[in-house]
Amino acid sequence: MALQREQEQIDRQTCVEVEISLLSTVDSPRTSGEDPDHVEALSVAQSPLPPILVHRPTMRVIDGLHRVRAAELRGQDKIAVSFFEGSEADAFVLAVESNTMHGLPLSKADRKRAAARIVTSHPQWSDRMVASVAGIAPGTVADIRRGLPGASAAEESRIGQDGRVRPINAAAGRRNAAKIIAGNPGLSLRQIARMAGISPETARDVRSRLRRGEDPLPGRQSRTSADPGAKLPAPQRSAGDAAVHGRPSGQDHSVVVERLKADPALRLSETGRTLLRLLNLHTIDATEWQRIIDNVPPHCSGIVARLADEYAVMWSELALRLGGRVTETA
């Protein structure tokens with residue numbers, strides 16, 4: 001996205017020293033103001049303060065208000081600055097995102113208020129995209145959007161986190177995804193999403209519903225309650241499905257990985273040791289996997305799910321290529 005590219009340019013550009021008196025500290029997403037303890041901790045630190053981010057057209061501090069106050073406590077009259085040249089609306093988005101990703105987190109109330117403002121200034125953004133910026137759940141963003149005065153029901157599509165434009169009403173896309181999954185159970189979530197014109201998260205939800213024997217459309221209890229004209233074929237079971245329903249225990253994996261660790265061809269090479277470390281990560285048992293899933297923060301769930309899906313594609317590619325080598329050898 002354009003905003004992301006601009007942020008990357010900020011990261012690469014040279015910082016400059018700017019008079020603190022020239023900076024504006026209004027319009028912060030942090031309505032409670034600065035935290036005195038955090039300012040004090042920054043001011044007594046021995047290392048130089050990292051550069052702050054400033055909106056050049058207005059000289060408003062986007063990210064680094066606590067560092068500004070800490071610099072003043074140190075007696076500095078200047079501070080290192082990187083400039084952002086975009087619009088004020090995009091500057092606010094960066095301010096929210098920066099305070100969500102690092103530093104002193106925004107309160108939940110501030111994050112909700114910020115989400116409401118972003119939904120207004122960027123109505124074309126999907127709920128998941130706004131949620132990823134504000135650090136709240138997509139469902140919360142949807143509730144906020146519905147509660148805003150003049151909420152438009154005429155929007156037909158929105159921009160997702162991956163930059164793709166998708167229809168808001170994904171009913172047809174969900175039905176298409178269900179048919180695609182039934183006929184091609186081995187496809188990745190991204191492949192299903194691309195073919196059906198939906199997001200990977202929606203594709204994940206459809207696949208999960210089909211595995212549970214539910215209708216792919218939310219709100220329907222079973223396929224028998226679906227529209228007769230939208231009858232869907234039963235999904236075929238694939239090797240991937242079998243791995244989910246009859247997954248070997250972590251102990252079984254550990255035994256296999258331990259045998260591989262004893263193989264000098266792997267153990268004595270750098271690439272071999274890298275592979276063994278990666279394989280060892282997956283030797284934890286189902287209980288530990290569930291504990292990890294249960295402790296992923298809601299605002300990180302979409303990002304972690306997307307990364308897991310991308311890693312799964314990489315492992316699938318590895319399996320296909322190695323399987324091909326085995327076939328050729330045979």
Can you tell if the side chain of [X] reaches within under 4.5 Å of the side chain of [Y], non-hydrogen atoms only?
{"X": "V54", "Y": "S82", "result": "no"}
{"X": "D205", "Y": "R209", "result": "yes"}
{"X": "L22", "Y": "I20", "result": "no"}
{"X": "V296", "Y": "S301", "result": "yes"}
{"X": "V61", "Y": "L53", "result": "no"}
{"X": "M195", "Y": "N176", "result": "no"}

Taking all non-hydrogen atoms of both residues, which atom of [X] and which atom of [Y] are closest, and how far apart?
{"X": "G64", "Y": "I52", "value": "O-CG2, 3.6 Å"}
{"X": "A115", "Y": "I136", "value": "CB-CD1, 3.6 Å"}
{"X": "V206", "Y": "P216", "value": "CG1-CB, 3.9 Å"}
{"X": "R111", "Y": "L106", "value": "NE-O, 3.2 Å"}
{"X": "D63", "Y": "S98", "value": "CG-CB, 3.5 Å"}
{"X": "P200", "Y": "R190", "value": "CG-NH1, 3.9 Å"}

**OP:** Please indicate whether K261 has more than 12 foreign heavy atoms, meaning atoms of other residues, nucleotides or ligands, lying under 6.0 Å from its NZ.
**Re:** yes
Original post:
Would you find more than 12 non-hydrogen atoms of other residues, nucleotides or ligands less than 6.0 Å from E88 atom CD?
Top reply: no
Other than [X], which residues form its hydrophobic cluster under the rule that side-chain heavy atoms must be closer than 4.5 Å?
{"X": "V44", "value": "none"}
{"X": "L42", "value": "L49"}
{"X": "L268", "value": "none"}

Which distance, rounded to the nearest 0.5 Å, do you find between the [atom1] of [X] and the [atom2] of [Y]?
{"X": "D37", "Y": "E40", "atom1": "CG", "atom2": "CD", "result": "8.0 Å"}
{"X": "T274", "Y": "E270", "atom1": "OG1", "atom2": "CD", "result": "4.5 Å"}
{"X": "R306", "Y": "R204", "atom1": "CZ", "atom2": "CZ", "result": "10.5 Å"}
{"X": "T283", "Y": "E288", "atom1": "OG1", "atom2": "CD", "result": "10.0 Å"}
{"X": "D27", "Y": "I62", "atom1": "CG", "atom2": "CD1", "result": "10.5 Å"}
{"X": "C300", "Y": "N295", "atom1": "SG", "atom2": "CG", "result": "12.0 Å"}

Applying salt bridge (Lys or Arg N to Asp or Glu O under 4.0 Å), can you list everything that pairs with [X], at least two apart in sequence or on another chain?
{"X": "K78", "result": "none"}
{"X": "E19", "result": "none"}
{"X": "E17", "result": "none"}

Listed by chain and number, what are the side chain to side chain donor-acceptor pair (under 3.5 Å) partners of [X], not counting sequence neighbours?
{"X": "D294", "result": "Q290"}
{"X": "T25", "result": "R69"}
{"X": "R259", "result": "none"}

Main-chain N/O of [Y] paired with [X] side-chain donor or acceptor, under 3.5 Å:
{"X": "R67", "Y": "P51", "result": "yes"}
{"X": "N99", "Y": "A95", "result": "yes"}
{"X": "T120", "Y": "A116", "result": "yes"}
{"X": "Q191", "Y": "S188", "result": "yes"}

Between [X] and [Y], is there a shared hydrophobic cluster once you connect ILVMFWY residues whose side-chain heavy atoms come closer than 4.5 Å?
{"X": "V257", "Y": "L318", "answer": "yes"}
{"X": "M129", "Y": "F92", "answer": "yes"}
{"X": "L73", "Y": "I79", "answer": "no"}
{"X": "V16", "Y": "M59", "answer": "yes"}
{"X": "L23", "Y": "V26", "answer": "no"}

**OP:** Name all pairs fulfilling the ring pair (Phe, Tyr, Trp, His ring centres under 6.0 Å) condition that reach into residues 302-321, sequence neighbours left out, sorted by first residue then second.
**Re:** H282-W315
**OP:** Any ring pair (Phe, Tyr, Trp, His ring centres under 6.0 Å) involving residues 60-81? Give me the pairs, sequence neighbours left out, ordered by first then second residue.
**Re:** H38-H66
Original post:
Given T58, which of R60, R56, H55 fulfils the side chain to side chain donor-acceptor pair (under 3.5 Å) condition?
Top reply: H55
**OP:** Indicate yes or no: does D143 engage K112 in a salt bridge with an N to O separation below 4.0 Å.
**Re:** no
Original post:
Can D215 and R174 be counted as an ion pair, charged N to O under 4.0 angstrom?
Top reply: no
Original post:
Given L187 and I180, is the side chain to side chain contact (heavy atoms under 4.5 Å, CB included) satisfied, shown in steps?
Top reply: CA-CA 9 Å; L187 293 179; I180 292 167; 3.6 Å; yes
**OP:** Test W125 against I118 for side chain to side chain contact (heavy atoms under 4.5 Å, CB included), laying out the working first.
**Re:** CA-CA 9 Å; W125 282 9; I118 295 171; 3.9 Å; yes
Original post:
Yes or no on salt bridge (charged side-chain N to carboxylate O under 4.0 Å, His left out) for D263 and R267, after CA distance, side-chain angles and deciding distance?
Top reply: CA-CA 6 Å; D263 191 325; R267 182 165 49 86; over 6 Å; no
Original post:
Considering residues at least two apart in sequence or located in another chain, which fulfil the side-chain contact (heavy atoms from CB on, under 4.5 Å) criterion with T31?
Top reply: D110, R113
Subject >> Evaluation steps, side chain to side chain contact (heavy atoms under 4.5 Å, CB included), between E201 and R128 >> reply: CA-CA 10 Å; E201 284 303 309; R128 289 189 180 279; 3.6 Å; yes
Original post:
With a 3.5 Å cut-off and no angle check, do the side chains of R211 and S208 form a donor-acceptor pair?
Top reply: no
Original post:
Pick one: which of V133, D90, V130 meets side-chain contact (heavy atoms from CB on, under 4.5 Å) with H122?
Top reply: D90
**OP:** Begin with the C-alpha distance, continue with both residues' side-chain angles, and end with the deciding distance and a verdict on side chain to side chain contact (heavy atoms under 4.5 Å, CB included) for I292 and I284.
**Re:** CA-CA 11 Å; I292 292 172; I284 60 177; 3.7 Å; yes
